[in-house]
Undergrad: 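Once you've had a glance at the structure underneath, I'll fire off some questions.
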Amino acid sequence: MEKIRGDRVKEYMLRTKNVERKFEMPDGDVFYALKNININIPKGKLTILRGKSGSGKTTLMNLLGALDTPSDGEIYFSDSELTKLSEEEIVALRREKIGFVFQSVALIPIMSAYENVEYALRLAGINEKRDERVKECLKMVGLLGRMNHMPQEMSGGEQQRVAIARAIAHKPDLIFADEPTAELDSNTGLQVVKIFKELVEKEGVTIVMTTHDVGLMSVGDVVYELEDGEIISEK
Ligand SMILES: Nc1ncnc2c1ncn2[C@@H]1O[C@H](COP(=O)(O)OP(=O)(O)OP(=O)(O)O)[C@@H](O)[C@H]1O
Ligand SMILES: [Mg+2]
């Protein structure tokens with residue numbers, strides 16, 4: 001019995017136990033942005049966190065990505081409890097194991113697509129076969145032919161794809177994407193999500209993505225729905 005449970009746990013990249021995030025307001029009121037969150041993020045799958053604006057998606061993602069700390073409860077990254085890790089361990093975890101993609105693409109405007117991706121590898125301290133990896137990542141997002149373009153010479157969807165190439169370059173186990181399609185039209189948004197799907201299937205990456213676009217739900221292997229800071233459904 002114990003063994004079965006242990007094996008199951010190994011299938012999850014992240015697990016939360018009764019996670020809570022409250023904010024104390026200047027007037028003394030306490031606001032619960034997240035309550036009683038118990039979720040399991042499976043390895044090698046695409047998990048979607050959906051919910052209306054203000055439901056708590058970004059707050060939850062920031063906790064899962066160790067950018068913020070829960071007010072109560074526990075978050076396990078594989079076998080490590082995040083709050084028990086030192087600041088150095090957290091920094092290393094984020095640098096080596098995690099990639100982030102944000103809603104507004106934050107490419108460096110004075111660098112080409114190629115240089116943006118290469119810079120991420122430099123920051124991660126990866127020097128070996130850098131050129132090869134940059135090209136491989138740009139190819140995965142279908143932009144090898146645009147590698148010398150500057151951000152302002154690319155469409156929004158192309159820029160977001162460069163941001164994805166940049167996030168995956170150092171081969172993270174886990175990618176967080178907070179509303180990566182919010183600023184794209186629905187067709188381009190779907191393309192971006194298809195790239196995520198491919199990364200999951202071909203590279204075995206684990207992806208957690210937030211969205212309020214109902215049209216994208218079907219691509220998620222797991223979909224958690226948030227409302228007023230609570231999980232109201234799991235599919
Ligand atoms: N630092 C903070 N202090 C106080 N309240 C906060 C803070 N950060 C978030 N909140 C509140 O927590 C709730 C959840 O916010 P969150 O950003 O997680 O929502 P969201 O689901 O990501 O929304 P959106 O779809 O608009 O991005 C909101 O009501 C927000 O106002
Ligand atoms: Mg948000």
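These numbers come from a predicted model, not from an experiment. All ligand and atom numbering here is 1-based and tracks the order in the structure.
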Undergrad: Can you see which heavy atom on Ile75 is nearest to which on Pro70, and at what distance?
TA: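 Residues Ile75 and Pro70, closest heavy atoms: CD1-CG, 4.0 Å.
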Undergrad: How many angstroms lie between OG1 in Thr210 and CZ in Phe176, if you round to the nearest 0.5 Å?
TA: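 Atom-to-atom, Thr210:OG1 and Phe176:CZ are 11.0 Å apart.
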Undergrad: Just by distance, do the side chain of Tyr32 and the backbone of Asp228 share a donor-acceptor pair under 3.5 Å?
TA: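 No; zero donor-acceptor contacts below 3.5 Å.
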Undergrad: For atom 16 (P) of ligand 1, which protein heavy atom lies nearest, and how many Å away is it?
TA: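 Minimum-distance protein heavy atom for atom 16 (P) of ligand 1 reads Thr59 OG1, 3.5 Å.
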Undergrad: Can you figure out which of Pro26, Gly51, Gly54 has its heavy atom closest to atom 14 (C) of ligand 1?
TA: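 Checking each option, the heavy atom nearest atom 14 (C) of ligand 1 is found in Gly54.
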Undergrad: Pick from Arg161, Arg166, Arg146, Met147: which one makes a side chain to side chain contact (heavy atoms under 4.5 Å, CB included) with Leu138?
TA: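 Result: among Arg161, Arg166, Arg146, Met147, Met147 is the only option passing the side chain to side chain contact (heavy atoms under 4.5 Å, CB included) with Leu138.
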Undergrad: Check whether any protein heavy atom sits under 4.0 Å from atom 30 (C) of ligand 1.
TA: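 Given the 4.0 Å cut-off, atom 30 (C) of ligand 1 does not count as touching protein heavy atoms.
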Undergrad: Relative to the heavy atoms of Ala33, which atoms of ligand 1 are at a distance of less than 4.0 Å?
TA: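 Those qualifying, in numeric order: 12 (O).
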Undergrad: Checking a contact table here: which protein heavy atom is nearest atom 26 (O) of ligand 1, and how many Å away?
TA: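 The answer is Ser53 OG, 2.6 Å.
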Undergrad: Between Glu225 and Ile232, is there a donor-acceptor pair closer than 3.5 Å when you use the side chain of the first and the backbone of the second?
TA: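 Answer holds: no.
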Undergrad: Of all the heavy atoms in Met61, does at least one lie under 4.0 Å from an atom in ligand 1?
TA: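 Judged by the 4.0 Å heavy-atom criterion, Met61 does not count as contacting ligand 1.
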Undergrad: Is there a donor-acceptor pair closer than 3.5 Å between any side-chain N or O of Arg130 and the backbone N or O of Glu118?
TA: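 Absent.
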Undergrad: What protein heavy atom lies closest to atom 27 (O) of ligand 1? Include the residue and the distance to one decimal.
TA: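 Ranking protein heavy atoms by distance from atom 27 (O) of ligand 1, first comes Thr58 OG1, 3.9 Å.
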Undergrad: Are Val101 and Val192 close enough that some pair of their side-chain heavy atoms sits under 4.5 Å apart?
TA: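 Sidechains of Val192 and Val101: no contact.
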Undergrad: Which atoms of ligand 1 sit under 4.0 Å from any heavy atom of Glu179?
TA: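 Result: 25 (O).
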Undergrad: Less than 4.5 Å apart, any side-chain heavy atom of Val222 and any of Pro42?
TA: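 They are in side-chain contact.
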Undergrad: Against ligand 1, does Lys52 come closer than 4.0 Å with any heavy atom?
TA: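 Under 4.0 Å: yes for Lys52.
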Undergrad: Measure across Gln160 and Phe102 and return the closest heavy-atom pair with its distance rounded to 0.1 Å.
TA: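 Scanning both residues completely, I find the closest heavy atoms to be NE2-O, 3.1 Å.
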Undergrad: Is any protein N, O or S atom closer than 2.8 Å to the Mg ion (ligand 2), and if so, which?
TA: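 Per the 2.8 Å query on the Mg ion (ligand 2), atoms found are Thr58 OG1.
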Undergrad: Where is the nearest protein heavy atom to atom 25 (O) of ligand 1: which residue, which atom, and how far?
TA: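 Residue, atom and distance for the closest contact: Lys57 NZ, 2.7 Å.
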Undergrad: For Glu128, is the CD atom crowded, meaning more than 12 foreign heavy atoms sit under 6.0 Å from it?
TA: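 12 or below, so no.
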Undergrad: Is there a nitrogen or oxygen of Phe31 sitting under 3.5 Å from a nitrogen or oxygen of ligand 1?
TA: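 Between Phe31 and ligand 1 (N or O atoms, distance only) the closest approach is not under 3.5 Å.
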Undergrad: Decide yes or no for Leu93 and Leu82: does some side-chain heavy atom of the first lie under 4.5 Å from some side-chain heavy atom of the second?
TA: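 Answer yes - side chains close enough.
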Undergrad: How far is atom 1 (N) of ligand 1 from its nearest protein heavy atom, and which residue and atom is that?
TA: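 Going by distance alone, atom 1 (N) of ligand 1 is nearest to Phe23 CE2, 3.4 Å.
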